[in-house]
Amino acid sequence: MEAIPLTSLLPEGFNPRQYKVHFAVWNQVKYPIDVLASNQEEWQGWNSWRSVKDDFNREFVFSVAQDKHDATLWLFGGIWEVLERRSTQQAHSYTVALREDLMGPFVRRLWIRHKRSGRNMRRTMESVLPTMTVSSILQEPFAGDPFPGHDRINHSLADLQAVVTQARADWRIALESMKGVYVIHDKETGLRYVGSAYGDTGIWQRWVTYAATLHGGNVGLKALLEEKGDEYYRTNMRFALLEYWSMRTDDDHVLQRESYWKNVLHARSLGHNKN
């Protein structure tokens, strides 16, 4: 099927020479698509940031956020009018305002396909528009990754923090009334930590603690965090469920299964468990 050019959706009289395109990508801490889905004020800040160069030196900014799983897929984040420019570098030196009258209904709904060339994240629109196509249009605005299923969780700590920040109801409902045994593994080293959620604390609340503290209060994970730092930790530590049960499950059974998985995965001798 022939791709639909993005130009088919642009407003009448659209002049690309009035626009810079902001290809927002991961900033080593947060994914822009998570920010776009959960915090409009913070997303505005992403589009008001000046680096060394005066990149947003045109009347408008056409903003898109990169998908976490496909580098050629971008979610439309709105058209921002640049009202003021200041010379301070590495700061929020642009005053921008969202133009709801310019493609407002497509914000967080329009997926754009574009393979970015080079590392420049701020491009003149006329240089990239010919290769930008419509991938799809969502019925409802994008609100973050949906819950994948208990047996398909394999998410980084950064992903988990985004889910918690967005207060995703589908994730919370699926996990708050479940006990379970989980594994946190370092994708760089392969070292693991096995933990459990039992008592009155469901998996959701336990993972909310990780999102807030990063280490969940565990001695071994605290030491790793101190050694590697926040950025490494958010990116490389990934969560998965090994087993899960209803809250009626006896705590002793959960603890026995936790011990079993610690032995199977050598989480004490070759991992981060200290007990």
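In what follows, residues are counted from 1 in the order of the sequence shown. Small disclaimer: the values here were computed from a predicted structure and weren't measured.
There is no side-chain donor-acceptor pair under 3.5 Å between D34 and S38. Side-chain contact check for Y94 and N47: no donor-acceptor pair (N or O, by modelled atom type) lies under 3.5 Å. Residues R113 and T72 bring a donor and an acceptor atom of their side chains to less than 3.5 Å of each other. For the residue pair R238 / N154, a side-chain donor-acceptor distance below 3.5 Å is found, with atom types taken as modelled. Counting only N and O atoms by type, the side chains of W261 and E243 include a donor and acceptor under 3.5 Å apart. Counting only N and O atoms by type, the side chains of R268 and N263 include a donor and acceptor under 3.5 Å apart. Q161 and R234 form a side-chain donor-acceptor contact under 3.5 Å, judged by distance and modelled atom types alone.
Taking the charged nitrogens against the carboxylate oxygens, E226 and K222 have no contact shorter than 4.0 Å, which rules out a salt bridge. With respect to the salt-bridge test (charged N to carboxylate O, under 4.0 angstrom), the residues E140 and R108 do not qualify. At a threshold of 4.0 Å, the pair D159-K68 counts as salt-bridged, since one of the basic side-chain nitrogens sits closer than that to a carboxylate oxygen. Taking a cutoff of 4.0 Å between a charged side-chain nitrogen and a carboxylate oxygen, E126 and R58 qualify as a salt bridge. A salt bridge links K179 with D251: the distance from a Lys NZ or Arg NE/NH1/NH2 to an Asp or Glu carboxylate oxygen falls below 4.0 Å. Using a 4.0 Å cut-off between charged side-chain N and carboxylate O, D55 and K53 make no salt bridge.
Put simply, the side chain of L157 reaches to within 4.5 Å of the side chain of L214, judged on heavy atoms. In this structure, Q256 and V254 have side chains that are not in contact, with every pair of non-hydrogen atoms separated by 4.5 Å or more. Looking at Y193 and H185, their side chains never come closer than 4.5 Å, going by heavy atoms from C-beta outward. With a 4.5 Å cut-off on side-chain heavy atoms, S51 and Q90 count as touching. Under the 4.5 Å side-chain criterion, counting only non-hydrogen atoms from C-beta, R50 is not in contact with R85. Annotation: side chain of L224 is in contact with side chain of H272 (closest heavy-atom distance under 4.5 Å). Residues L242 and L265 are in side-chain contact: their nearest non-hydrogen atoms beyond the backbone lie under 4.5 Å apart. H155 has its side chain within reach of P148: a pair of non-hydrogen atoms, C-beta onward, lies under 4.5 Å apart.
Counted within 6.0 Å of CE on M247, heavy atoms from surrounding residues, nucleotides or ligands total more than 12; the atom is thus considered enclosed. Around the CD atom of E84, the shell of radius 6.0 Å holds more than 12 heavy atoms that belong to other residues, nucleotides or ligands. With a 6.0 Å radius and a threshold of 12 heavy atoms from other residues, nucleotides or ligands, K30 has its NZ atom at or below the threshold. Taking a 6.0 Å sphere around CG of D101, one finds it holds more than 12 heavy atoms contributed by other residues, nucleotides or ligands. The neighbour count for E41 CD, taken as heavy atoms of other residues, nucleotides or ligands under 6.0 Å away, does not exceed 12.
When all heavy atoms of L36 and A65 are compared, the pair lying nearest together is CD2-CB, 4.0 Å. Shortest non-hydrogen contact noted between A37 and G144 is CB-N, 3.9 Å. The shortest heavy-atom contact between S48 and V96 is CB-CG2, 4.1 Å. The shortest non-hydrogen separation linking A3 to T133 is CB-CG2, 3.8 Å.
With T88 contributing its side chain and S93 its backbone, the two residues share no donor-acceptor pair below 3.5 Å. Side-chain atoms of N120 never come within 3.5 Å of backbone atoms of R123 as a donor-acceptor pair (strictly under, hydrogens ignored). A donor-acceptor distance shorter than 3.5 angstrom exists from the side chain of R86 to the backbone of H92, with no hydrogens or angles considered. A side-chain donor-acceptor contact under 3.5 Å links R206 to the backbone of G216. For the pair Q66 (side chain) and A71 (backbone), a donor-acceptor distance under 3.5 Å is present. The closest donor-acceptor contact from the side chain of T209 to the backbone of Q205 lies under 3.5 Å. Without hydrogens or angle criteria, T235 side chain to E231 main chain gives a donor-acceptor distance under 3.5 Å. Side-chain atoms of R17 never come within 3.5 Å of backbone atoms of M125 as a donor-acceptor pair (strictly under, hydrogens ignored).
For Y210 and Y182, the ring centers sit closer than 6.0 Å to each other. Taking the centre of each ring, H150 and Y244 come in below the 6.0 Å mark. Taking the six-membered ring for Trp, H114 and F23 have ring centres closer than 6.0 Å. Under the 6.0 Å cut-off for aromatic ring centres, H22 and F56 qualify, their centroids lying closer than that. The distance between the ring centers of W111 and F76 does not fall below 6.0 angstrom.
Taking hydrophobic clusters as Ile, Leu, Val, Met, Phe, Trp and Tyr residues chained together by side-chain heavy-atom distances below 4.5 Å, V181 shares a cluster with Y260. Clustering ILVMFWY residues whenever any of their side-chain heavy atoms sit less than 4.5 angstrom apart, transitively, puts W46 in a cluster other than the one holding W49. Residues F142 and V164 do not share a hydrophobic cluster, clusters being chains of Ile/Leu/Val/Met/Phe/Trp/Tyr side chains in contact below 4.5 Å. Taken together through direct or relayed side-chain contacts under 4.5 Å among Ile, Leu, Val, Met, Phe, Trp and Tyr, L191 and I184 form parts of separate hydrophobic clusters. V107 is not connected to L75 by any chain of hydrophobic side-chain contacts under 4.5 Å among Ile, Leu, Val, Met, Phe, Trp and Tyr, and they are in different clusters.
Judged by the 6.0 Å and 45° rule, K228 forms no cation-pi pair with Y233.
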ask   = Where do I112 and V134 land on the side chain to side chain contact (heavy atoms under 4.5 Å, CB included) test, with the steps shown first?
value = CA-CA 5 Å; I112 296 170; V134 176; over 6 Å; no
key: K115 vs T131, side chain to side chain contact (heavy atoms under 4.5 Å, CB included): CA-CA, chis, key distance, verdict   = CA-CA 8 Å; K115 185 176 182 180; T131 56; over 6 Å; no
message = Please evaluate residues W80 and Q44 with respect to the criterion side chain to side chain contact (heavy atoms under 4.5 Å, CB included), reporting the C-alpha separation (whole Å), side-chain torsions for both, the decisive distance (0.1 Å), and the verdict.
response = CA-CA 8 Å; W80 302 84; Q44 180 173 344; 3.5 Å; yes
task = Kindly indicate, with the supporting measurements, whether the criterion side chain to side chain contact (heavy atoms under 4.5 Å, CB included) is fulfilled by F147 and R172.
result = CA-CA 9 Å; F147 182 68; R172 177 180 54 78; over 6 Å; no
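In this structure F60 satisfies the ring-ring contact (aromatic ring centres under 6.0 Å, His included) test together with Y19, sequence neighbours excluded.
Put simply, CD1 on I4 and OG on S135 are 9.5 Å apart, with the number rounded to the nearest 0.5 Å. One distance of note links OG of S136 with CG of L110; it measures 8.0 Å at 0.5 Å rounding. Taken to the nearest 0.5 Å, the OG1 atom of T189 stands 8.0 Å off from the CG atom of N236. If you take CG on L73 and CG on D67, they are separated by 5.0 Å, rounding to the nearest 0.5 Å. With rounding to the nearest 0.5 angstrom, the CD atom of E59 is 9.5 Å from the CG atom of N15. Put simply, OG1 on T213 and CG on L221 are 9.0 Å apart, with the number rounded to the nearest 0.5 Å.
Screening V128, L6, L102, L129 for a side-chain contact (heavy atoms from CB on, under 4.5 Å) with F62, the sole residue that qualifies is L6.
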